[in-house]
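Chain A is the first sequence line, chain B the second, and so forth, proteins listed ahead of strands; every chain is numbered from 1. Note that the structure is predicted; figures quoted are calculated from it, not measured.
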Protein chains: 2
Amino acid sequence: MAARSEAKAFRIAEGELGCCPSVVEAPLGENDAVELAQVMAALADPVRLRLLSIVASSDEVCSCELEAPLGKSQPTISHHTKVLAAAGLISGDKRGRWTWWHANPARLAAVRDALGR
Amino acid sequence: MAARSEAKAFRIAEGELGCCPSVVEAPLGENDAVELAQVMAALADPVRLRLLSIVASSDEVCSCELEAPLGKSQPTISHHTKVLAAAGLISGDKRGRWTWWHANPARLAAVRDALGR
DNA sequence: AAGACAGATTGACAGCCTTCGATGTAACTG
DNA sequence: CAGTTACATCGAAGGCTGTCAATCTGTCTT
């Protein structure tokens, strides 16, 4: 099940959102819609949006620096970073005891492009 | 409850997503995050994404023209149009027996801007 | 090696969301 | 007026999601 979960995460993160006409140009195919919806779902939570904005605003943020500003428990933060990473929006760099997170601007740009021009 | 639902829908649709720094510029405030997440949630479903793309691709679409291409029942289509309308992404024009839907490009642009430049 | 520490995982619970059948409500048609 | 049509609403079922306490894994320090 861990394998399937990771495989799914891989697929989401590797999907090329920019490969297709944007939402406003032509009716979306079913597969493209599912893929885009998965990334949108990652962005459809207030805690994750704030987490992403914190990470995107600085170069690198470690998980321990997220707990306080977001007001959530450590397992919850871990869960959300995992979801955002699975969507390809952030990436984690494990150095020693800490995991350093940084944003993936290209991915966010791909979402924007998929949404309209 | 209908009143509250409509009040909420109004608030979502009227929220000015473009009023604040984008996600990548500065940490998002809690209220802004909740508001943006609500719009994202409307976009986080494959059926709604396809529905939006169909509506956005043509000038006007009536509800009865959505059932077939989306492969969903009439109550389901009605539910999804309601969600997208509450998020301000589409608007419905009731003429006679038909409801004609059209996209709201400005709202989609606001989402794009909130997501990054 | 022992203890402390960062963070991932598990399990459980509550709430929400998608979906559809059944029903309600207008509006047009004959 | 009776019937039909387009759409909204209700209620229920099933699945998914966010949250945290408890636990496990790996790393650093002493």
Side-chain angles (χ1 to χ4, degrees), chain A residues 1-6 8-9 12 30 33-34 37-52 55 60-87 90-102, chain B residues 1-6 8-9 12 30 33-34 37-52 55 60-87 90-102:
Chain A
M1 51 194 80
R4 182 164 58 185
S5 167
E6 280 173 28
K8 184 187 175 191
I12 299 177
E30 189 150 0
V34 169
Q38 284 171 331
V39 182
M40 290 305 198
L43 293 168
D45 180 273
V47 176
R48 280 197 292 270
L49 279 177
R50 295 179 63 207
L51 198 164
L52 175 61
V55 171
E60 273 187 333
V61 182
C62 108
S63 294
C64 56
E65 292 176 274
L66 294 168
E67 219 162 310
L70 294 175
K72 298 291 171 186
S73 70
Q74 178 268 318
T76 299
I77 299 297
S78 184
H79 165 69
H80 287 308
T81 51
K82 186 178 181 177
V83 172
L84 285 172
I90 63 174
S91 301
D93 195 5
K94 209 164 194 168
R95 291 202 294 270
R97 266 189 294 205
W98 292 271
T99 301
W100 296 93
W101 299 99
H102 58 92
Chain B
M1 53 191 84
R4 181 165 57 187
S5 167
E6 280 173 27
K8 183 186 175 192
I12 299 177
E30 190 150 0
V34 169
Q38 284 171 331
V39 182
M40 289 307 199
L43 293 168
D45 180 273
V47 176
R48 280 197 291 271
L49 280 176
R50 294 180 63 207
L51 198 164
L52 175 62
V55 171
E60 273 188 332
V61 183
C62 106
S63 294
C64 56
E65 292 177 274
L66 294 168
E67 220 162 311
L70 295 175
K72 298 292 170 184
S73 71
Q74 178 269 318
T76 299
I77 300 296
S78 183
H79 164 69
H80 286 308
T81 51
K82 185 178 182 178
V83 172
L84 284 172
I90 64 175
S91 300
D93 195 4
K94 210 163 194 168
R95 291 200 294 270
R97 265 188 297 204
W98 292 270
T99 301
W100 296 93
W101 298 99
H102 59 91

S.K.: Nearest heavy atom decides the nucleotide; on that basis, is B/S78 or A/V47 closer to the 5' end of DNA chain D?
M.R.: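 Taking each residue's closest nucleotide, the earlier one in sequence belongs to B/S78.
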S.K.: Can you tell me how far C1' of D/dC7 sits from CD of B/E67, to the nearest Å?
M.R.: 10 Å
S.K.: Which pair of non-hydrogen atoms, one from A/V61 and one from A/L66, has the smallest distance, and what is that distance?
M.R.: CG1-CD2, 3.9 Å
S.K.: In terms of side-chain heavy atoms of A/H80, which of C/dA8, D/dT9, D/dT19 is nearest?
M.R.: D/dT19
S.K.: Between D/dA8 atom P and B/D93 atom CG, what is the distance in whole Å?
M.R.: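 Atom-to-atom, B/D93 to D/dA8, this comes out as 13 Å.
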S.K.: Between C1' on C/dT18 and CG on B/L70, what's the gap in Å once rounded to a whole number?
M.R.: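 Distance check: B/L70 CG to C/dT18 C1' gives 14 Å.
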S.K.: If I take atom CD1 in residue A/I77 and atom C1' in nucleotide C/dT9, what distance separates them, rounded to the nearest angstrom?
M.R.: 16 Å
S.K.: Taking only residues two or more places apart in sequence or in another chain, which ones pass side-chain hydrogen bond (donor to acceptor under 3.5 Å, both in side chains) with B/E60?
M.R.: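 Result, side-chain hydrogen bond (donor to acceptor under 3.5 Å, both in side chains) vs B/E60: B/R95.
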S.K.: Distance check needed: C/dC16 P versus B/D45 CG, whole Å only.
M.R.: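 After rounding, the reported distance stands at 18 Å.
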S.K.: Is B/S63 touching bases, backbone alone, or none of the nucleic acid, heavy atoms closer than 4.0 Å?
M.R.: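 Sugar-phosphate: the residue B/S63, judged by heavy atoms under 4.0 Å, touches backbone atoms but no base.
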S.K.: Between atom NZ in B/K94 and atom C1' in C/dC28, what is the gap in whole Å?
M.R.: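 In whole Å, C/dC28 C1' lies 14 Å from B/K94 NZ.
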S.K.: Would you find more than 12 non-hydrogen atoms of other residues, nucleotides or ligands less than 6.0 Å from B/E30 atom CD?
M.R.: no
S.K.: For A/M40 and C/dC17, what is the distance between atoms CE and P respectively, to the nearest whole Å?
M.R.: 17 Å
S.K.: Taking B/R50 for the side chain and B/P69 for the main chain, is one N or O donor matched with an acceptor at less than 3.5 Å?
M.R.: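 A pair under 3.5 Å: yes.
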S.K.: A/C64 side chain: which of C/dG7, C/dT19, D/dC7 is closest?
M.R.: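 Selected nucleotide (nearest to the side chain): C/dG7.
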S.K.: Determine: side-chain N/O of A/T99 to OP1/OP2 of C/dA8, distance under 4.0 Å, yes or no.
M.R.: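 Result: yes.
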S.K.: Output the distance between atom NZ (B/K94) and atom OG (B/S63), rounded to the nearest 0.5 Å.
M.R.: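 B/K94 atom NZ to B/S63 atom OG measures 9.0 Å (nearest 0.5 Å).
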S.K.: Testing B/I90, B/T81, B/V47 one by one against B/L52 for a side chain to side chain contact (heavy atoms under 4.5 Å, CB included), which residue passes?
M.R.: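 Of the listed residues B/I90, B/T81, B/V47, the side chain to side chain contact (heavy atoms under 4.5 Å, CB included) partner of B/L52 is B/I90.
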S.K.: Could you check how far CG of A/L84 sits from P of D/dG18, rounded to whole Å?
M.R.: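 To the nearest whole Å, that distance equals 10 Å.
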S.K.: Mind checking the SG-CZ spacing from B/C64 to B/R97? Nearest 0.5 Å is all I need.
M.R.: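 If we round to the nearest 0.5 Å, B/C64:SG and B/R97:CZ are 10.5 Å apart.
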S.K.: Listing time: all N or O pairs from protein to nucleotides 20-30 of chain D that are below 3.5 Å?
M.R.:
{"residue": "D/dC20", "atom": "OP2", "partner": "A/S73", "partner atom": "N", "Å": "3.0"}
{"residue": "D/dC20", "atom": "OP2", "partner": "A/S73", "partner atom": "OG", "Å": "3.0"}
{"residue": "D/dC20", "atom": "OP2", "partner": "A/T76", "partner atom": "OG1", "Å": "2.7"}

